[in-house]
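The structure that follows is given in the form of structure tokens.
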2 protein chains.
Amino acid sequence: MSATIRIELNEKLFLRDPEQTELGRTIVKESIRLIDELGFEHFTFKKLAQHITSTEASVYRYFENKHKLLLYLVSWYWNWLDYRISYHTHHVTDASEKLRTFIRILVGSHGSEPLEANVDVLALARIVVLEASKAYLTKEVDTDNKAGLFQDYKNLCHKIALVVLEIDPAYPFPHALVSTLFEAARKHLFFAQHLPSLTEVRLENAGANTLKGFLNHLAFSSLTKEASSVGASL
Amino acid sequence: MSATIRIELNEKLFLRDPEQTELGRTIVKESIRLIDELGFEHFTFKKLAQHITSTEASVYRYFENKHKLLLYLVSWYWNWLDYRISYHTHHVTDASEKLRTFIRILVGSHGSEPLEANVDVLALARIVVLEASKAYLTKEVDTDNKAGLFQDYKNLCHKIALVVLEIDPAYPFPHALVSTLFEAARKHLFFAQHLPSLTEVRLENAGANTLKGFLNHLAFSSLTKEASSVGASL
DNA sequence: TTGTTTATGATAGTATTGCTATTATGTGTA
DNA sequence: TACACATAATAGCAATACTATCATAAACAA
């Protein structure tokens, strides 16, 4: 494992590859800090430009608009997660163990592998929780999808879905289950912090009522033979 | 059942109660049509005012801003759903049957009870799918929550959570499961339409791979004794 | 009836956002 | 040396998100 991970992203996510220049890397790095601080709605290219003592026009040379920048950041995160999952499961043979590992990484137990130097991954993870849904919940979703801007998320989802099928080849909703786990992971992290009456998940709790516990329960309940027959009878 | 349902909403959702005046009702009715058509990002009070041949200032007298209007519409929807669920379950004694009915209504099998005359409920349902998450995924969530703006959603969630506990009193995540069902219902309706590789759920399919089938499987798998023990062992 | 409140409309104005265009400047490359 | 090229500096424009003021008409109260 090298110190910094090379993450290749769809070229349609940017106008000029931000990884290739100092300014580009600064834009990415500081936009993460600023979006995390202000929230996506209050974040503007003008504020970013002032923050990095550059100009609005320069930022626009890298990203078409702030929505594309968000898509870039979120894609980067899914790639990074993919990398971490591969890193932690490539030696695991048991499919159930693989899924368990996936969930463990998904809920954000960071620290056991080399962190990306240039990017504040914890801030990016917070952005993903609060903003990632907005990347696709738009009227432009079909256009963006045709341009392949969600490919990384879909790839990752498919990869885990294959593990699910390995556990239970008869399970009829592998992709649906995995995307639900992704969405639920983010939502319950958010609920635990801001709307705790919507979830039993507690972040400070290392024992019971962990997000990991809930997601494991949700996933493996669905994948036992008994459970499958429950669904089929409805 | 009367022809039109009176739905009482938190007064902090509006500046002047739109139900009390002709203009107010027009604002609500036509904002639903416009948000559905344009999407929340492209929707503005100016466009709405032009659409209803009124003025921006008049709209602002009813709603503080478009975010509060969205909160109003979404709250209205949860209230309406609550009403429908009560209507269809008040005579049901079996808890599992109640949960099944809840899921059936959640996925949107409309038409069996009186429709609200003034509001295009189908358009509102589409808005909820695309925009409801944006109502709380903001930096203002704690302020809005303290003002009670999410109370209707939380109440509904709690109500169903009690049914879940009736089915399996030992289940440790009743609210988490129910909020997951709510979120998943919206997300998979959306995925089925726009990102079908993220779900097996198909809308046109009346037999297999229905949203109802997936949610029932997800819910009832988690609530069988066998399934509970699966989760506890992790 | 008269007077008064109240809702709406009409109009104006301001700061910010989102974006484009033009020109200048410095830096590295052929 | 000449050229390309990235960035900075500046300007500008249309749209957005409001706020304020004043006129008018309907509703209602004395």
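Below, chains carry the letters A, B, ... as their sequence lines are ordered, and counting in each starts from 1. Just so we're clear, the structure is a prediction, and the values are computed from it rather than from any experiment.
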Subject >> Interface residues of residues 31-50 of chain A with DNA chain C (non-hydrogen, below 4.0 angstrom) >> reply: A:Thr44, A:Lys47

Original post:
Rounded to whole angstroms, how far apart are CZ on A:Arg16 and C1' on D:dT7?
Top reply: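 Answer to the nearest Å: 9 Å.
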
**OP:** Just grab all the salt bridge (Lys or Arg N to Asp or Glu O under 4.0 Å) pairs involving residues 42-63 of chain B, residues at least two apart or on different chains.
**Re:**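 Residue pairs passing salt bridge (Lys or Arg N to Asp or Glu O under 4.0 Å), neighbours aside: none found.
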
**OP:** Output all residues satisfying side-chain contact (heavy atoms from CB on, under 4.5 Å) with B:Leu23, sequence neighbours left out; order by chain, then residue number.
**Re:** B:Thr21, B:Ile27, B:Ile52, B:Ser54, B:Ser58, B:Tyr62

Original post:
Who passes ring pair (Phe, Tyr, Trp, His ring centres under 6.0 Å) against A:Phe182, sequence neighbours left out?
Top reply: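 For A:Phe182, the residues satisfying ring pair (Phe, Tyr, Trp, His ring centres under 6.0 Å) (neighbours in sequence not counted) are A:Trp78, A:Phe102, A:Tyr153.
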
**OP:** Of all the heavy-atom pairs spanning B:Phe45 and B:Phe63, show the shortest one and how long it is.
**Re:**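 B:Phe45 and B:Phe63 have their closest heavy atoms at CE2-O, 3.7 Å.
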
**OP:** For the pair A:Asn145 (side chain) and A:Val141 (backbone), establish whether a donor and an acceptor sit closer than 3.5 Å, ignoring hydrogens and angles.
**Re:** no

**OP:** Please report, rounded to the nearest Å, how far the C1' atom of D:dC5 is from the CG atom of A:Leu23.
**Re:** 14 Å

Polar atom pairs (N or O), protein with nucleotides 19-26 of chain D, under 3.5 Å:
none

Original post:
Do B:Lys134 and B:Glu41 meet the salt-bridge criterion of a basic N to acidic O distance under 4.0 Å?
Top reply: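 Looking at B:Lys134 together with B:Glu41, the answer is yes, because their closest N to O distance falls below 4.0 Å.
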
**OP:** Select from A:Asn65 and B:Thr21 the residue whose nearest nucleotide in DNA chain C is closer to the 5' end of that strand.
**Re:** B:Thr21

Subject >> Nucleotide range of DNA chain C lying under 4.0 Å from chain B heavy atoms >> reply: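 From 5' to 3', the first and last contacting nucleotides are C:dA7 to C:dG9.
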
Subject >> Sequence-distant partners of A:Val164, side-chain contact (heavy atoms from CB on, under 4.5 Å), two or more places apart >> reply: A:Leu99, A:Tyr171, A:Pro174, A:Leu177, A:Val178, A:Leu223

**OP:** Verify the contact: side-chain N or O of A:Tyr62 to OP1 or OP2 of D:dT7, cut-off strictly under 4.0 Å; return yes or no.
**Re:** yes

Original post:
In residues 130-144 of chain B, which residues come under 4.0 Å of DNA chain D by heavy atom?
Top reply: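 Contacts with DNA chain D under 4.0 Å: none.
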
Original post:
Got a sec, which residues hit salt bridge (charged side-chain N to carboxylate O under 4.0 Å, His left out) with B:Lys68, two or more places apart in sequence or on another chain?
Top reply: B:Glu64

Only distances under 3.5 Å count here; give the side-chain donor-acceptor pairs of residues 7-14 of chain A to other protein atoms, sequence neighbours excluded, each with its distance to 0.1 Å.
residue : atom : partner  : partner atom : Å
A:Asn10 : OD1  : A:Lys12  : N            : 2.8
A:Asn10 : ND2  : A:Ala147 : O            : 3.2
A:Asn10 : ND2  : A:Gly148 : O            : 3.2

Original post:
Under 3.5 Å, side chain of A:Thr53 to main-chain N/O of A:Gln50, donor-acceptor pair present?
Top reply: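 Checked: no pair found.
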
**OP:** List for me each residue that meets side-chain contact (heavy atoms from CB on, under 4.5 Å) alongside A:Ser86, sequence neighbours excluded, and say none if there are none.
**Re:** A:Asp82, A:Lys159

Original post:
Does B:Lys66 make a cation-pi contact with B:Phe40, if we ask for NZ or CZ under 6.0 Å from the ring centre and within 45° of the axis?
Top reply: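 Satisfied, under 6.0 Å and within 45°.
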
Subject >> B:Ala49: partners by side-chain contact (heavy atoms from CB on, under 4.5 Å), with sequence neighbours left out >> reply: B:Val59

